[in-house]
Amino acid sequence: MLAQLRTQHGELMFHQSGGCCDGSSPMCYPDGDFLTGDADVHLGDLRVGQDDGDGGAGSTAFTVPVWMSRNQFEYWKHTHLTIDVVPGRGAGFSLEAPEGVRFLIRSRVFSDAEYAALGGSGTVAVGTTA
């Protein structure tokens, strides 16, 4: 789905807000259409597709940055998050809505070993990216 959306809309980004109902679903936007700032945490980048090993024309790999509101991150910093796509239609302005699917977050609490390996919350970049 992300490869299809990237073909249609260009580079992509996710933002996970702390709203209720569908407002708590991960929203996919063209990169830069949702302005992030000090109230947001950059969780990392999804790596999508396959790299041909030498960065050549056969590579289909790209990345999608994932952001979350800082307040929401405080609740979820102890969890492993998975962005999934399922049949159905969500509300909001997320790019997948017209495709008959929706993105959602699946989560599980980190084990003590996983959380320790991450060094607590110190492994995420906070604020805007250059």
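All values derive from a computational prediction rather than experimental measurement.
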* **Between R102 and S25, a side-chain donor and acceptor under 3.5 Å** => yes

* Using ring-ring contact (aromatic ring centres under 6.0 Å, His included) as the criterion, list what pairs up with H78, not counting sequence neighbours. => Y115

* Using side-chain contact (heavy atoms from CB on, under 4.5 Å) as the criterion, list what pairs up with L46, not counting sequence neighbours. => L2, F14, V48, V64, V66, I83

* Close side-chain approach of L12 to L95, heavy-atom, < 4.5 Å -> yes

* All side-chain hydrogen bond (donor to acceptor under 3.5 Å, both in side chains) counterparts of E99, not counting sequence neighbours -> Q4

* **Derivation and outcome, side-chain contact (heavy atoms from CB on, under 4.5 Å), residues S107 and T82** => CA-CA 6 Å; S107 65; T82 300; over 6 Å; no

* **Those residues that, when tested against F34, pass ring-ring contact (aromatic ring centres under 6.0 Å, His included) (two or more places apart)** => H15, Y29

* Structure fact -> Shortest non-hydrogen pair, P26 vs S94, comes out as O-OG, 4.0 Å

* With sequence neighbours left out, write down each residue that passes salt bridge (Lys or Arg N to Asp or Glu O under 4.0 Å) with E114, or none if nothing qualifies. => R108

* Structure fact -> Residue set satisfying side-chain contact (heavy atoms from CB on, under 4.5 Å) with R47, at least two apart, ordered chain then number -> D51, A61, T63

* Do L118 and F110 have side-chain heavy atoms sitting under 4.5 Å apart? -> yes

* **By side-chain contact (heavy atoms from CB on, under 4.5 Å) - contacts of A3 (at least two apart)** => F62

* Residues two or more places apart in sequence or in another chain: which of them pass salt bridge (Lys or Arg N to Asp or Glu O under 4.0 Å) with D45? -> none

* **Other ILVMFWY residues reachable from L35 by side-chain steps of under 4.5 Å** => none

* Can you see which heavy atom on A97 is nearest to which on R89, and at what distance? => O-NH1, 2.8 Å

* Can you check side-chain contact (heavy atoms from CB on, under 4.5 Å) on I105 and W76, steps first, answer last? -> CA-CA 11 Å; I105 288 283; W76 287 13; 3.6 Å; yes

* Test side-chain hydrogen bond (donor to acceptor under 3.5 Å, both in side chains) applied to D31 - qualifying residues, sequence neighbours left out -> none

* Nearest heavy-atom neighbours spanning R70 and D38 -> NH2-O, 2.7 Å

* Asked: Pick one: which of L81, T36, D40 meets side-chain contact (heavy atoms from CB on, under 4.5 Å) with M68?
  -> L81

